[in-house]
K.L.:
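Below are the structure tokens for one structure; questions will follow.
These numbers come from the heavy atoms of this one structure, side chains and all, not from hydrogens, waters or symmetry mates.
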Amino acid sequence: MYLSSSSPTAVRFLASVKDGRSLKSSTRLVGISMTVGYRFLEEVYLRERRSGKLAKDVLSDLGLQSSRVQVWETRVDSSSDRHHLRVDVEDEAEFWGLFDRGASVAEARTAAGVSRSTIYRWIGKRFTQLRGQGVSSARCARQLRLTPAQCESLEWRRLTAVKSAANAELAAQRQARSEAGRLADQVVSNGRPLALKRRDERRHDYWELMRKGVSNVDACRLLGMSRVAGTRIRQEANFRIPIPSGARPAVARYLQLRERLQIADLLGLGSSLRTIAKELGRHPSTISREIRRHRGASGEYLPRTANHDARLQRVRPKVHRLIGDARLRLLVQRKLNRCWSPDEISGWLKKTYPDDLTLRVCPETIYRALLLRDDHGLHKRFAKKLRTGRRIRKTRWLSRAGKGSKIRNMTMIDQRRPDLSSKLIAGNWEGDLIVGIGSLSAMVTLRERKTQYGIIINLPTDHTAGSVNAAVTAAFATLPRHLKRSLTWDQGVEMSSHAALTEATGVPIFFAERSSPWQRGANENFNGLVRQYFPKGTNLALHSAKRVTQVMKELNSRPRKGLDHDTPAARLRIERETPNRPNPIPC
């Protein structure tokens with residue numbers, strides 16, 4: 001059977017040669033002789049050269065270096081589409097010479113001594129060549145003296161031929177991809193029939209079910225085979241359950257050698273990642289990660305090496321991240337001593353050491369090292385540096401909705417305009433009180449939603465409405481007008497004079513619903529940070545104004561994940577200089 005250079009076999013052969021394999025190994029891979037392989041290469045070489053490509057570019061595309069190229073080069077200018085029944089080349093040249101000098105089609109045909117059908121075949125061929133060189137249809141019609149109907153007919157034939165060639169090439173590519181799975185099965189089974197391999201897998205699954213106490217009837221039903229087949233398997237084993245072999249069965253969630261061989265084959269065919277994923281029934285991200293992880297130094301994907309490395313990477317147990325890397329553990333401990341959260345530590349490491357992938361650790365790894373009973377690299381004393389100060393993990397619970405004094409003339413949070421509830425515009429603040437032991441001392445905490453900048457004001461003597469109003473007014477006095485747009489508070493009685501505070505500062509005040517701390521999430525988060533320095537159950541009046549200012553500066557100089565690990569102080573400084581600046585997009 002004659003195989004053309006556009007057949008699936010030729011596609012696989014050419015892809016193998018381009019991938020760097022020798023001609024002998026490529027012909028063995030697809031099951032053809034060396035003569036057929038050279039014929040494929042010659043057809044492709046001559047076709048590309050006649051289309052106008054340089055010889056070095058064609059050889060680079062084919063990935064070929066052969067002494068036969070010199071012989072092929074002598075055939076580039078010779079006609080390749082003529083056979084013994086066609087008119088001589090001299091007659092065709094005579095026709096075109098007369099036609100180009102202005103003779104009519106009839107006169108040129110009579111002089112050349114050919115039939116009318118031959119003339120129109122030559123004109124159609126010249127039309128196709130000119131259109132392939134980028135000449136417009138109108139110009140071709142003028143040059144070849146065609147009527148509009150003739151030009152339209154030739155263009156339709158050309159497009160039909162181009163579409164048929166493209167469909168044939170696409171079908172060949174599709175068939176070549178479908179054969180990749182069959183070849184991978186042959187390689188994995190070492191030439192053993194696939195039916196025998198599947199039979200062994202079914203027997204293995206059958207005995208696994210029998211070891212679990214499943215009856216013969218149920219096991220056969222689960223595996224989709226008849227009871228006679230199950231009885232035959234038991235008879236061959238003399239009705240004794242065999243001892244399980246040491247080899248672990250393959251897990252479906254992991255890529256197997258067969259799939260990796262198929263990936264390498266499809267990559268050689270030039271298939272995209274999504275096409276490979278569709279052929280294997282996997283997610284495109286799985287294929288992307290597999291190729292990215294297991295490429296060699298030259299960028300080539302080696303399936304057997306990838307399979308070996310993947311098996312080693314799945315070995316458990318592994319050394320914990322913070323135990324195996326002393327440098328990383330020391331950096332984490334230093335930041336924990338400064339009361340940084342695991343989220344902040346993880347983001348700071350990524351931003352400070354962008355090129356050192358060994359200095360990467362996720363927040364969950366740090367939490368597990370601190371809060372689990374097993375030794376994961378961090379001493380339990382560092383757990384006291386966390387915001388909660390817990391040494392074990394605690395489940396969340398719902399707090400009871402309290403009933404306190406009511407404030408008059410409240411404007412609720414759902415009445416805020418969209419621009420006052422957005423984090424895209426600076427100047428929207430959230431406020432609250434943190435109270436000391438016995439509710440005798442307190443501190444006012446304010447936090448801006450966009451920049452996450454926080455303000456702490458100590459109230460050592462009392463926290464009445466007048467004292468809170470004076471503290472908030474003094475804090476807002478240093479801010480420009482565009483950074484004072486709104487203030488959201490809970491329904492504490494310290495806001496009973498909210499109308500006077502709005503009149504003094506010009507800042508409208510909105511109130512959150514009762515027992516809804518998530519409506520003021522920015523301020524609740526900030527209160528948790530402040531409590532690391534001023535714990536619950538202590539007397540807040542003992543702290544000096546200098547100490548409170550120092551803590552406020554330290555909190556505002558810590559990197560925040562929501563700010564792409566910039567500091568709130570830096571973001572507020574930018575907002576002072578550029579009012580209504582939009583939020584930066586995280587990298």
Side-chain angles (χ1 to χ4, degrees), residues 1-11 14 35-36 38-55 58 68-173 175:
M1 182 180 64
Y2 181 83
L3 294 175
S4 68
S5 59
S6 60
S7 63
T9 303
V11 170
L14 296 172
T35 304
V36 176
Y38 275 118
R39 180 168 59 79
F40 288 159
L41 293 171
E42 181 182 0
E43 289 180 11
V44 175
Y45 181 85
L46 294 178
R47 183 171 63 247
E48 295 296 325
R49 288 286 287 118
R50 287 166 181 161
S51 67
K53 282 190 176 181
L54 298 177
V58 177
R68 300 194 181 196
V69 175
Q70 298 177 357
V71 180
W72 298 344
E73 189 66 26
T74 61
R75 304 173 184 170
V76 172
D77 296 329
S78 62
S79 177
S80 61
D81 58 350
R82 309 188 71 85
H83 53 78
H84 64 286
L85 296 179
R86 295 196 176 184
V87 182
D88 293 339
V89 178
E90 292 78 8
D91 295 337
E92 184 176 356
E94 182 181 359
F95 167 79
W96 284 116
L98 294 172
F99 184 81
D100 292 339
R101 287 194 295 269
S104 65
V105 174
E107 294 172 349
R109 180 181 67 80
T110 303
V114 294
S115 64
R116 184 185 299 271
S117 61
T118 301
I119 296 300
Y120 284 113
R121 188 178 72 248
W122 288 347
I123 292 176
K125 178 182 175 182
R126 178 66 62 88
F127 179 87
T128 302
Q129 290 176 348
L130 292 175
R131 291 290 288 128
Q133 296 172 2
V135 181
S136 65
S137 298
R139 186 174 178 182
C140 290
R142 290 194 301 269
Q143 184 173 343
L144 298 177
R145 306 173 203 167
L146 300 173
T147 63
Q150 290 174 333
C151 183
E152 183 179 356
S153 176
L154 291 177
E155 179 68 11
W156 178 82
R157 291 182 183 180
R158 185 188 72 86
L159 292 178
T160 302
V162 170
K163 185 176 181 180
S164 299
N167 290 339
E169 183 179 357
L170 185 62
Q173 290 279 354
Q175 186 174 350

K.L.:
Tell me whether Arg49 contacts the main-chain N or O of Lys53 through its side chain, where contact means a donor paired with an acceptor under 3.5 Å.
P.N.:
yes

K.L.:
Please identify each residue that fulfils side-chain hydrogen bond (donor to acceptor under 3.5 Å, both in side chains) with Glu152, with sequence neighbours left out.
P.N.:
none

K.L.:
Can you find a heavy atom in the side chain of Trp156 that is under 4.5 Å from one in the side chain of Leu159?
P.N.:
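The answer is no, as the side chains (C-beta and beyond) never meet within the 4.5 Å cut-off.
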
K.L.:
Kindly compute the distance separating CG (Leu144) from CG (Leu154), expressed to the nearest 0.5 Å.
P.N.:
8.5 Å

K.L.:
Is the shortest distance from a Lys or Arg side-chain nitrogen in Glu43 or Arg39 to a carboxylate oxygen in the other one below 4.0 Å?
P.N.:
yes

K.L.:
Atom CD in Glu73, atom CG in Leu46: separation rounded to 0.5 Å?
P.N.:
8.5 Å

K.L.:
Ion pair present between Arg131 and Glu155, side-chain N to carboxylate O less than 4.0 angstrom?
P.N.:
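Glu155 and Arg131: salt-bridged.
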
K.L.:
Please verify the inter-ring angle class for Phe95 with Phe99; under 30° counts as parallel, over 60° as perpendicular, anything in between as tilted.
P.N.:
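The arrangement is parallel - the two ring planes meet at less than 30°.
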
K.L.:
Tell me, do Arg145 and Val105 make a side-chain contact under 4.5 Å, heavy atoms counted?
P.N.:
no

K.L.:
Rounded to the nearest 0.5 Å, what separation is found between the CZ atom of Arg109 and the OG atom of Ser117?
P.N.:
9.5 Å

K.L.:
Measure the shortest side-chain to side-chain distance between Trp96 and Ile123 over non-hydrogen atoms and say whether it is less than 4.5 angstrom.
P.N.:
yes

K.L.:
Hey, what do you get for CD (Gln150) to SG (Cys140), rounding to the nearest 0.5 Å?
P.N.:
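Between Gln150 CD and Cys140 SG, I get 13.5 Å after rounding to 0.5 Å.
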
K.L.:
For a 4.5 angstrom cut-off between non-hydrogen side-chain atoms, does Lys125 reach Arg121?
P.N.:
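No, side chains not in contact.
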
K.L.:
Please report the closest heavy-atom contact between Ser137 and Cys151, naming both atoms and the distance.
P.N.:
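It is O-SG, 3.7 Å.
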
K.L.:
Do Ser153 side-chain atoms and Ala149 backbone N/O form a donor-acceptor pair below 3.5 Å?
P.N.:
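No, because the side chain of Ser153 does not come within donor-acceptor range (under 3.5 Å) of the backbone of Ala149.
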
